[in-house]
Number of protein chains: 2
Amino acid sequence: MTELWKQHMRPYSHFLDQIRLAGLRPTRQRLALAKLLFSGENRHVTAESLHGEAQAEKMRVSLATVYNTLHQFTSTGLLREIVVDAQRSYFDTNTGDHHHFYFEENGMLTDISDDMMSLTKVPAAPEGMAIKSVDIVVRVVEKTQ
Amino acid sequence: MTELWKQHMRPYSHFLDQIRLAGLRPTRQRLALAKLLFSGENRHVTAESLHGEAQAEKMRVSLATVYNTLHQFTSTGLLREIVVDAQRSYFDTNTGDHHHFYFEENGMLTDISDDMMSLTKVPAAPEGMAIKSVDIVVRVVEKTQ
DNA sequence: GTGTTTGCAAAGTGTTTGCAATTTA
DNA sequence: TAAATTGCAAACACTTTGCAAACAC
């Protein structure tokens, strides 16, 4: 990291810690992506969409690195992967318990907080298996009337 | 369809009706796949797995036709598509209300009957949207102890 | 300096498509 | 015969990988 870069990144030093805590080196690319992902509200991104954003902000990050970083952030618990579409992978910055609305027509995702949706009965895991997660996707389409 | 083929297919005439009712022509390929799909218990297949089965039974069907047929059967309500893995599409012969266990380690799916799992609270659809489905996937992994 | 990370381009995987030949009705 | 369907091969979209150059520590 250059001295200039360090100055530029000063206001984002918590990302630096976040990445270090995850056991990753805080490279320019990882910091840039962390800034996009964790600066504001919770977000849902795909590799393409995040790469597009980075380009728009003149951050130089290759698509391959975006993929790598999303997976590294996922396996270190900074992100969570959401499966709603067989064609692309989504990543959610909200790693807490919650579910999703999926807008099939435009591929958008929004959160459903855990307390807006509750399961009364959950089946026991099959013999010898442990439940890893219970994922609920509410698919919605434009109302046609 | 040849006369010989008609004779061979006599015991499976209900597939013929099923396909015709769906507005599709009962071709050799569609009948063969229907036989594999709907002969016994409910099943979960991928295009590859069904194509493999067809080959094993010496049915001559191309992979492209398997894909086309799975989609046609899905859009005519004979099958239902299940999204559990970003890498491949699954199709379920059980089109009724139910949910799934997904065995992440080997890609297997099993049904959870609707009455083994119930939602107390379902959020209202977002403004202008209608709920198309509520899909629950219980991801399980081998218990490590 | 050593080990990690990046970016490119190539390869990979699962899926769809264009189109001539074949089959169904 | 007209319209639908098939199968191949090529195209496709998304994702992963191999490896030399660049970077972090």
Side-chain angles (χ1 to χ4, degrees), chain A residues 1-6 8-9 13 15-17 19-34 45-52 54-55 58-76 79 81-91 107, chain B residues 1-6 8-9 13 15-17 19-34 45-52 54-55 58-76 79 81-91 107:
Chain A
M1 257 183 299
T2 63
E3 201 44 51
L4 186 66
W5 176 250
K6 273 186 197 157
H8 173 63
M9 270 294 147
S13 63
F15 295 138
L16 220 140
D17 300 337
I19 291 172
R20 268 203 247 272
L21 277 169
L24 300 169
R25 291 186 175 177
T27 62
R28 178 173 60 69
Q29 292 85 338
R30 295 209 264 239
L31 280 163
L33 296 176
V45 302
T46 64
E48 291 285 355
S49 79
L50 187 60
H51 184 238
Q55 306 245 297
K58 309 276 189 254
M59 295 164 168
R60 284 163 299 98
V61 191
S62 73
L63 185 56
T65 296
V66 173
Y67 273 105
N68 289 337
T69 303
L70 286 173
H71 286 133
Q72 290 154 354
F73 284 8
T74 299
S75 59
T76 55
L79 292 176
E81 189 170 356
I82 309 291
V83 180
V84 286
D85 183 298
Q87 308 320 303
R88 63 172 105 286
S89 296
Y90 285 81
F91 296 85
Chain B
M1 257 182 297
T2 63
E3 200 46 48
L4 185 66
W5 176 249
K6 274 185 196 157
H8 173 65
M9 269 294 146
S13 63
F15 295 138
L16 220 141
D17 300 340
I19 291 172
R20 267 204 248 272
L21 277 168
L24 300 169
R25 291 183 177 180
T27 62
R28 178 174 58 72
Q29 290 86 337
R30 294 210 264 238
L31 280 163
L33 295 176
V45 301
T46 63
E48 290 286 353
S49 80
L50 187 59
H51 184 239
Q55 306 244 297
K58 307 277 188 254
M59 296 163 168
R60 283 164 299 99
V61 191
S62 73
L63 185 56
T65 297
V66 173
Y67 274 105
N68 289 336
T69 303
L70 286 173
H71 285 133
Q72 290 152 354
F73 283 7
T74 299
S75 58
T76 56
L79 291 176
E81 190 171 355
I82 310 291
V83 180
V84 285
D85 183 300
Q87 309 321 302
R88 63 173 106 288
S89 296
Y90 285 80
F91 296 85

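Since the model is a prediction, treat every value here as computed from it, not as a measurement. Residue numbers start from 1 in every chain, and the chains themselves are labelled A, B, ... in the order their sequence lines are given, proteins ahead of strands.
- Across every non-hydrogen atom of P26(B) and L31(B), the tightest pair is O-CD1, 3.8 Å.
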Can you name the atoms? Protein N/O to nucleotides 4-6 of chain C N/O, anything below 3.5 Å, with the distance.
| from | atom 1 | to | atom 2 | distance (Å) |
| --- | --- | --- | --- | --- |
| dT4(C) | O4' | R25(A) | NH1 | 3.2 |
| dT5(C) | OP1 | R25(A) | N | 3.4 |
| dT5(C) | OP1 | R30(A) | NH2 | 2.4 |
| dT5(C) | O5' | R30(A) | NH2 | 3.2 |
| dT6(C) | OP1 | T27(A) | OG1 | 2.7 |
| dT6(C) | O3' | Q29(A) | NE2 | 2.5 |

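- The distance between atom CG of L70(A) and atom P of dT15(D), rounded to the nearest whole Å, is 9 Å.
- Atom C1' of nucleotide dT13(C) and atom CD of Q87(A) are separated by 12 Å, given to the nearest angstrom.
- For Q29(B) and R60(B), the side-chain atoms include no donor-acceptor pair closer than 3.5 Å.
- OP1 or OP2 of dA25(C) sits under 4.0 Å from a side-chain N or O of R20(B).
- Between R88(A) and V66(B), the one whose closest nucleotide on DNA chain D sits nearer the 5' end is V66(B).
- Counting only Watson-Crick or G-U wobble pairs whose defining distances are both under 3.5 Å, the stems of 3 or more consecutive pairs in DNA chain D are C:1-25 with D:1-25.
- The minimum heavy-atom distance linking Q55(A) with V61(A) is given by the pair NE2-O, 4.2 Å.
- Using a 4.5 Å heavy-atom cutoff, the side chains of T69(A) and L50(A) are not in contact.
- At dT16(D), one or more side-chain N or O atoms of H71(A) fall inside 4.0 Å of OP1 or OP2 (strictly under the cut-off).
- Dashed line: the shortest gap from a side-chain N or O of S89(A) to OP1 or OP2 of dT15(D) is under 4.0 Å.
- Taking atom CG of residue L31(B) and atom P of nucleotide dT23(C), one finds them 15 Å apart after rounding to whole Å.
- Remark: P of dA13(D) and CG of D85(A) are 14 Å apart, rounded to the nearest angstrom.
- We find that OH of Y67(B) is positioned 18 Å from C1' of dG18(C), with the value rounded to whole Å.
- Pairing each heavy atom of F73(B) with each of R30(B), the nearest pair is CZ-O, 4.0 Å.
- F91(B) is not listed as a side-chain neighbour of T46(B), based on a closest heavy-atom distance of 4.5 Å or more.
- Not less than 6.0 angstrom separates the ring centroid of H51(B) from the ring centroid of Y67(B).
- Contact detail for A54(B) and L33(B): the closest heavy-atom pair is CB-CD2, 4.4 Å.
- Counting heavy atoms from C-beta on, the side chains of V45(A) and L79(A) never come closer than 4.5 Å.
- Residue-to-nucleotide proximity on DNA chain C shows that, of A64(A) and E48(B), the 5′-proximal contact is made by A64(A).
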